[in-house]
Amino acid sequence: MLTLAFIRENKDAILKGLAIRNFANAEKTIDKVIEKDILRRSTQAELDETLAESNKLSKEIGKLFKSGEVQKANLIKEKTGQLKERSKDLTEKLSIHESELNELLYLIPNIPNPLVPKGNSEEDNETIFEEGDIPKLHDGALPHWELAKKYDIIDFELGNKITGAGFPVYKGKGAKLQRALIAYFLDKNSEAGYNEVQVPLLINEASGIGTGQLPDKEGQMYHCGIDNLYLIPTAEIPVTNFYRDVLLKESDFPICNTAYTPCFRREAGSYGAHVRGLNRLHQFDKVEIVRIEHPDRSYEALDSMVDHVKGILQELKLPYRILRLCGGDLGFTSALTYDFELFSTAQDRWLEISSVSNFETFQANRLKLRFKNAAGKSQLAHTLNGSSLALPRVLAGLLENYQTEDGINIPEVLQKYTGFDMID
RNA sequence: GGAGAGGUGGCCGAGUGGCUUAAGGCGCACGCUUGGAAAGCGUGUUUAUGAGAAAUCGUAACGGGGGUUCGAAUCCCUUUCUCUCCGCCA
């Protein structure tokens, strides 16, 4: 959510930013916000005056009662009746203005960083880096879902039986490889200075609102109705919400956390060839990195997160590329996002395996995540997060790219975690 | 699931209708004192929002929401969370 002060002072810059996102009716919406804000503030001022008046009278009444001048007190009492009605009326108006204003603010996405290219869809994303050799596979090389069956390491049917589509069962060396990847990612993140945390997989409403999944994206989360809790679609929610309603000191920066969690996504309405096998699941594992930064240093932090993820893919020797997302593809809350895509040789297509973003103050505003700056004033912090990495598609790419006629090789860096060097 | 006790500022903790945005203590900051340090003494120390160049002033906030009252941290209703005991349980 953008701050009102920012909207008031930067209308032109906002309109330019929204144009890059192809946001329709930008000027109308912003004008409405400004208009509502003026209305809200004048109502507020009027209400404050009324309350000030009635506070003053109340104090007088108190004094008069004490000195026994009951009649005088009763006279003043009558006056306060009117004030009370007026303040009730104004309070109602104010809360209507406020909620209408909030509804408008919820519609406005984050303003893109100047680096974000114009564009409508994923076709317009900018490839800024590409690395790693695409292996030449032997004849008869298989997509990962066939490999999974052939070596009996992932059982989609069994998952269907016990839960439904999108909930695979990992077996034997498949399960061990998953565990190895998680341990390896966490170790890499710890080495890079991220503090490992283990978090709840269920979140309450306040947390969902804090990071922006609620109120309008509840359809994408699994909901436990009896207790009104949601299964997390990403560790970003619990970890970022550590800092909800928190006032930090400048010396607390940088804050770097990493968490492994399963993630649950309803993904309603996505079917077809592109969701086969591990490509899109309802439950998957992910290791996440989350940072809270001083606004002056958040873009440095974003670059270092990108470098960090790069390092992992280099060690795994997987072919990947980095995209800078265009305005049309950029997430609602993000100011700048880099996507990592892994080339899946047997499917002959790129798979998204990580998304690293700077949200600037957009999340912090809703979270009320602030710090005391050098001048002693409280100021919104910047939040960033990224995956390092999402497991299923890394696993898919690994199985496909490392397959040989004799079996699937395990990347060297993983072998000490798996305890074996080949799936056969 | 049953019974009970509680949620007050960065922390501890007082406070059952007006003198309480909140005593006292701890912590923190600055100053005095000192050869230096400790101790001691003094001053200051919540957030949000509106007005103002600023000093400052108004308003709101004692878990959340609602009510009673001229006036609520204090009384009533409701909700949520925490703790203790019992039950169940990896």
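Below, all heavy atoms of this structure are taken into account, side chains as well, without hydrogens, waters or symmetry copies. Reminder, nothing fancy here: chain letters follow the sequence lines and each chain counts from 1.
- Residue T80(A) is in sugar-phosphate contact alone, with no base atom involved, counting any heavy-atom pair closer than 4.0 Å across all strands shown.
- Heavy-atom nearest nucleotides on RNA chain B were determined for S54(A) and for R370(A), and the one closer to the 5' end corresponds to R370(A).
- Across G18(B) and C75(B), the matching P atoms stand 12 Å from one another, rounded to whole Å.
- In terms of position along RNA chain B, the nucleotide closest to L247(A) lies nearer the 5' end than the nucleotide closest to the other residue of the pair D48(A) and L247(A).
- Atom P of A60(B) sits at a distance of 15 Å from the matching atom of U74(B), rounded to the whole Å.
- C26(B) and C81(B): their P atoms are spaced 36 Å apart (whole Å).
- Using a cut-off of 4.0 Å between Lys/Arg side-chain N and Asp/Glu carboxylate O, D37(A) and R41(A) are scored as salt-bridged.
- In this view, D152(A) and K171(A) satisfy the side-chain contact (heavy atoms from CB on, under 4.5 Å) rule, not counting sequence neighbours.
- Across the C1' atoms, A72(B) and U33(B) are found 46 Å apart, a figure rounded to whole Å.
- First and last contacting nucleotides of RNA chain B toward chain A (any atom under 4.0 angstrom from a heavy atom, 5' to 3' order): G18(B) to G71(B).
- Rounding to the nearest 0.5 Å gives a distance of 10.0 Å between CG of L342(A) and CZ of R393(A).
- The strand RNA chain B forms stems, runs of 3 or more Watson-Crick or G-U wobble pairs with distances below 3.5 Å, at B:1-7 with B:80-86, B:10-12 with B:24-26, B:27-32 with B:40-45, B:46-51 with B:56-61, B:63-67 with B:75-79.
- As rounded to the nearest Å, U47(B) and U43(B) have C1' atoms that lie 23 Å from one another.
- A5(B) and U56(B) have their P atoms separated by 46 Å, given to the nearest Å.
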Distance-only criterion, 3.5 Å: show the donor-acceptor pairs between side-chain atoms of residues 357-367 of chain A and protein atoms not counting sequence neighbours.
from, atom 1, to, atom 2, distance (Å)
S357(A), OG, T337(A), OG1, 2.8
N358(A), OD1, E360(A), N, 2.8
N358(A), ND2, S298(A), OG, 3.0
E360(A), OE2, Y299(A), OH, 2.4
Q363(A), OE1, T383(A), OG1, 2.8
Q363(A), NE2, E236(A), OE2, 2.8
N365(A), ND2, M1(A), O, 3.0
N365(A), ND2, L2(A), O, 3.3
R366(A), NH1, I209(A), O, 3.0
R366(A), NH1, L214(A), O, 2.9

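- Rounded to a whole angstrom, the distance from the C1' atom of C83(B) to that of U68(B) is 31 Å.
- The ring pair (Phe, Tyr, Trp, His ring centres under 6.0 Å) pairs that include a residue from residues 156-181 of chain A are F167(A)-H282(A), where partners are two or more places apart or lie in different chains.
- Annotation: C85(B) and U16(B) have their P atoms spaced 29 Å apart (nearest Å).
- Listed by chain and residue number, nothing satisfies the side-chain contact (heavy atoms from CB on, under 4.5 Å) test with E85(A) (two or more places apart in sequence, or in another chain).
- L57(A) comes within 4.0 angstrom of nothing in the nucleic acid, heavy atoms only.
- Electrostatic pairing of E27(A) and K11(A) counts as a salt bridge here, judged by a charged N lying under 4.0 Å from a carboxylate O.
- K188(A) has a carboxylate O that lies under 4.0 Å from a charged side-chain N of E315(A), or vice versa, which qualifies the two as a salt bridge.
- Taking the six-membered ring wherever Trp is involved, the centroid distance between the rings of F253(A) and F371(A) falls below 6.0 Å.
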